[in-house]
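Keep in mind that what you see is a predicted model, and the values were worked out from it rather than measured. Each chain gets a letter, A, B and so on, in the order its sequence line appears, and its residues count up from 1.
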Amino acid sequence: MTKKNIITAGILIAGAILTVKLFLLQVVDRQYKITAENNAYKYITIYPARGIIYDRNGKILVDNKNYYDIMITPMEVSAFDTTDFCRIFSLDIKDVRRRLASYRKHKRIIGFRTLQFLKHVPVETYNVFAEQSYRFPGFGAVMRSTREYPFNAGANLFGYISEADSAFLANHPSYRMGDYMGATGLENAYEKYLKGEKGYNIYVRDVHNRIKSRLENGEYDKSAIPGRNLSISIDGDLQQYGEELMKNKVGSIVAIEPSTGEILAIISSPGIDINELADISKYYNKIINDPYKPMFNRAIMSEYPPGSVFKAVNGLIGLQDSVITPASEFSCHGGFHYGNRKLGCHIHKSPLDFRNAIKMSCNTYFCNVMVAIMNNKKYKNIDERFDHWRKMVMSFGFGKRLGSDLPSELGGNVPSSSYYDKLYGKNRWNVYNIISLSIGQGELGITPLHMANLAAIIANRGYYYVPHIIRNSPDSTDRRKFEIRHYTAIGSSHFKPLIDGMYMAVNSPPGTGGTAGLARVDSLNICGKTGTAQNPHGKDNSVFICFAPEDNPKIAVAVYIENAGFGGTWAAPVASLIIEKYLKGKTGRPYIEKYVMDADLKQNVHVKEK
Amino acid sequence: MLSDKMNKYRHLDWILILCYLLLICIGWMNIYSSVYSEGSKFVFDFSKKYGMQIIWIVTSIIIAILITFVISSKLYRALSPLLYVFAIILLFSVIFLGRDINGSHSWFVLGPVSFQPAEISKLTTSLFLAYVMSKYDFNLKKIRNTLTVMLILLLPMLLMVMEKETGSALVYLGFTFMLYREGMSGWFLSFGMLAIMLFVITLKFSPLPAIILLFAIFMIIDGLFGRNLIERILEATPVIILLSFLPGIAGLKTFHFLKAIKPEYIAVIIVMITAVFLAIRNSKRRLEYTRGLLIGFVCAILLIFSVDFIFDKILQPHQRARIENLLGITEDLQGSGYNVNQSKIAIGSGGFWGKGYLKGTQTKYNFVPEQSTDFIFCTIGEEWGFAGSFMVIAIYLIMILRIIGQSEKQESSFTRIYGYCTASVFAMHVFINLGMTMGIMPVIGIPLPFISYGGSSMWSFTILLFIFIRLELSEWEY
């Protein structure tokens, strides 16, 4: 082989490489023909309808309403009547001129792309524009949809959708600038089902840049796939009623169906006004600056001391550990005395057995129960006894996230022995340092969701399902997760005396010491436990957990109202109204309803004005 | 006498002239198409590029006729030293007197006319190389002669790099083909290609695959000289194992199951064991050959480890960006990758038969920048499709191979060397330019001969080609 032949071969090989690459580019690879950056094609995006959310009775909670985005393809814009254009959309002419100038300036970067010019144009305005659109070359419209809420309730639960921000876009390549995403609440948690899939139509331009036809009769088009509909466990009417009851009060209501763990209503008050939800960006500043923090979902994020409702837990632990029996009596003379200190109690007859202690919510009784638990000889020191107690408490789901499908659920707090070791020194503390835990005060942090779950556990006599919202989750692991029974460390037989006490608390004749007489509804057999939790900022928090009916319970409710006073005064009637509404479909106690709805308890709440 | 003189024109190289005429026609048509829009359609509109290109074409043809029929062929050999020096002076002075156009500081602007000394320098360097190397006692095996040639090549290259006209400097690498033809060892060429390959692999993946590949190649070379079958098999086995690990090491998904066993470590162990084995064996025989291999191996390893340095410290940021884009290390379709992506879309959208003349959409409205100069091939690709584009490539190949073929037939070594220089310059321009528009070469802004818009390139390529055509004829002068 001569050198000439080698050089010739080299040149032929180089030529062959170019030819093969050319062939790949032009004939084999379709990528360079059907590409969005191909200036010969105009891609028109079709936005899918977002999934609709239905309540447990098949009523629509979250719906779609159509509107239009006005789009501009700067390359195609030629002279038009700017004044008329501005009149149709009520725009400022100077502003429009300025924007048009900026498009001209960035002509090369924009290319043939179509950009959003106006957002959220209502159908009526669009119709006016559509009639005259031939006068505005380069402008077009894309139908999109916004959320609509037939029930006047549930804003914090549903959450809002917003335009994807740049941080989100960077992590989610399937989203484009101007796409919407679920930002909070269920919209966020179930984004992947609700959003659907975008589609597009491809049009071909001719050499003069006019749209000629569909590309190969739409063979390469993609139709939009609408988002999946969600069916959730919320009862729309109950949710709405609950929000009405909570007007002018700060706190939460959570209602659960004990036999499934389905959440029937979840209210955080004050919440976002649902009328502001669809167009939240407009109200965002107002909402963010509201001293009552309507964005803050108290039902799952507020970690409160539970107050006396926690006596139910301590009582059950005492019974389970056999350090007391339902017949154990403790006497109470105005409080529990230890050392030279006293934990006060209200005036009631003495001594009381377990059932009556629950009924009358005797502090002294449960302090004694705590002392008994913490002196259990089975364990050798305070650390072990306390950790045993803590394990029992946490078997109720306290101190950790329950794992519901509500985004940003918090876990609360149940302190551990090491916490007290650190605080007082190892073996340098005893039951009297922690006595306030016995009545649900101290370092406990429990969310209203946890409290409702406690009510459900009592209703079920010892177990719970993870509270959840979704009913028809397309994801089977999700579904299975919510079908598991979680047993507490308490044997089911111990619930009987507790439930008896809770029944008596609500249903005893007036004047016999029941703490929750206001919650009594004829024939519903509501069982409940009041709580009055100390609040360092002002009046006590009013707490109530309950379920009904006593046998085969259908609903378990927790109500927590900040700075309202006694549990029996406010939280109990609110909870009973919720139960009545749910079980009877209507309420038959207008005086109680009026009493609750007229109350303005919000003013007691200490807020930092901004 | 006169009849004798006319007689030689029967041997005029019509094939080259036909290629030339076809290419300038194709060029003009596509410049017209790329500038074309509604409104102005008048061909002699001198405010438009297609109008101006007519002037360049007409003047080029006049120059071609002058070279072919009027100027004596003896003049080139005599004047070549002078022309070379003249071009060097121009290249040098443009550094101080030149104007910035498109980021390079290599243009003289005289009123409406601007021209690039770099274009002339290709011609004068070719002539001077032919002059020096065709001398009676010239031999590339002599160190002194080799150094002379290096100096002739490196001086203009250096000046061009100083003008930030790296593209033209790269064209000079093409002269290696001529040097190879004139006696340079093929090992230099091979090693050059190996260096480019290693550079790319190191940059795209990591030094490890480059080292393993390098080792495998050297073992293959060594194995080719192995004495018996067993030795060859012994050497082939680690080579095959090593090469099969490469995709995994480079992070490709081909051999996914290999991920678990960390192929890098196994490869390194094999390399070390075989290296020791080879070192012991080769130290006993073929000492001289082993030394050559060893030096090559060490140089290559040094290159691999200096890749990062060369890339980060020596190259300009925009050059870095272009190379990273080509290798797919970064993807920036709005920034540095914009041109190439648009260019690929334009060519790709042409399909097999193209969209038809003047019917392209991509190459209108300045989506492809430098549309009538460096990226003119996009217009051809889009409007004439694979059929037309292949035709253009074919014409270039015919032209280049014809020049090489004719060069070989020349009695005069001056003509032969000059011919090879011409072929090298055309080949480099064509392959770099087309490779760039198709995204297999980094973006290097050099024109496509006879097709791209522009006066100084048109003139200099015409002169380059027609001097060869004229020199061919001098064979027939008695």
Side-chain angles (χ1 to χ4, degrees), chain A residues 1-42 73-76 78 106-113 173 177 202-212 215-216, chain B residues 36-38 177-178 180-184 186 189 333-334 338 341-342 344-356 358-367 369 377 381-382 385-387 389-390 393-394 396-397 400-401 404-405 407-408 420 423-424 427 430-431 434-435 438-440:
Chain A
M1 205 153 58
T2 66
K3 288 192 163 182
K4 179 222 162 188
N5 289 345
I6 292 176
I7 293 174
T8 307
I11 285 170
L12 284 175
I13 289 170
I17 291 173
L18 287 182
T19 309
V20 168
K21 178 70 185 177
L22 190 66
F23 191 75
L24 289 176
L25 267 181
Q26 297 195 298
V27 183
V28 179
D29 198 345
R30 293 212 73 98
Q31 183 198 342
Y32 291 103
K33 290 173 199 60
I34 316 298
T35 163
E37 281 157 80
N38 190 327
N39 310 317
Y41 303 124
K42 186 182 174 106
T73 312
M75 246 336 159
E76 295 174 352
S78 53
H106 299 107
K107 201 169 156 185
R108 217 196 90 175
I109 300 166
I110 296 167
F112 277 102
R113 270 182 296 166
M177 197 73 114
I202 312 174
Y203 294 86
V204 184
R205 293 172 211 268
D206 66 3
V207 64
H208 302 303
N209 199 18
R210 287 181 295 241
I211 287 181
K212 206 169 59 184
L215 176 68
E216 295 184 26
Chain B
Y36 167 85
S37 62
E38 276 180 289
F177 297 114
M178 182 275 292
Y180 171 64
R181 166 61 184 83
E182 295 303 321
M184 188 182 74
L189 221 54
L333 297 183
Q334 294 305 317
Y338 178 82
N341 191 47
Q342 289 294 332
K344 281 161 92 173
I345 290 170
I347 294 173
S349 66
F352 192 88
W353 293 112
K355 293 177 185 165
L358 298 182
K359 295 217 173 70
T361 52
Q362 293 303 111
T363 43
K364 299 289 179 298
Y365 311 103
N366 292 318
F367 273 107
F377 191 67
E382 189 189 12
F386 178 74
S389 312
F390 178 68
I393 295 176
Y396 277 121
L397 286 180
I400 292 164
L401 294 179
I404 290 173
S407 300
E408 285 292 338
Y420 264 98
S424 305
V430 170
F431 293 134
L434 297 191
M438 290 185 225
I440 51 177

Distance col, row B:Ile393:CD1 vs A:Leu22:CG, nearest 0.5 angstrom, shows 5.0 Å
Considering only heavy atoms and a distance below 4.5 Å, find which of B:Gly435, B:Gly385, B:Gly405, B:Ala427 pairs most often with chain A. B:Gly385
Among B:Ile347, B:Leu434, B:Leu189, who wins on heavy-atom pairs under 4.5 Å with chain A? B:Ile347
Roughly how far apart are A:Lys21 NZ and B:Met438 CE, rounded to 0.5 Å? 9.0 Å
Would you name the heavy atoms of B:Tyr420 and A:Lys4 that are closest together and state the gap between them? OH-CG, 3.5 Å
Between B:Tyr396 and chain A, with a heavy-atom cut-off of 4.5 Å, which part of the residue counts as in contact: side chain, backbone, both or neither? neither
Check step by step if side-chain contact (heavy atoms from CB on, under 4.5 Å) holds for B:Phe177 and A:Ile11. CA-CA 10 Å; B:Phe177 297 114; A:Ile11 285 170; over 6 Å; no
Best-contacting candidate, B:Ser389, B:Gly354, B:Gly381, against chain A by heavy atom pairs under 4.5 angstrom: B:Ser389
So which part of B:Leu397 gets closer than 4.5 Å to some heavy atom of chain A, the side chain, the backbone, both or neither? side chain
Rounded to the nearest 0.5 Å, how far does CG of B:Leu401 lie from CD1 of A:Ile7? 11.0 Å
Any donor-acceptor pair under 3.5 Å linking the side chain of A:Lys3 with the backbone of B:Met184? yes
dist B:Lys344:NZ -> A:Leu25:CG (nearest 0.5 Å) comes out at 6.5 Å
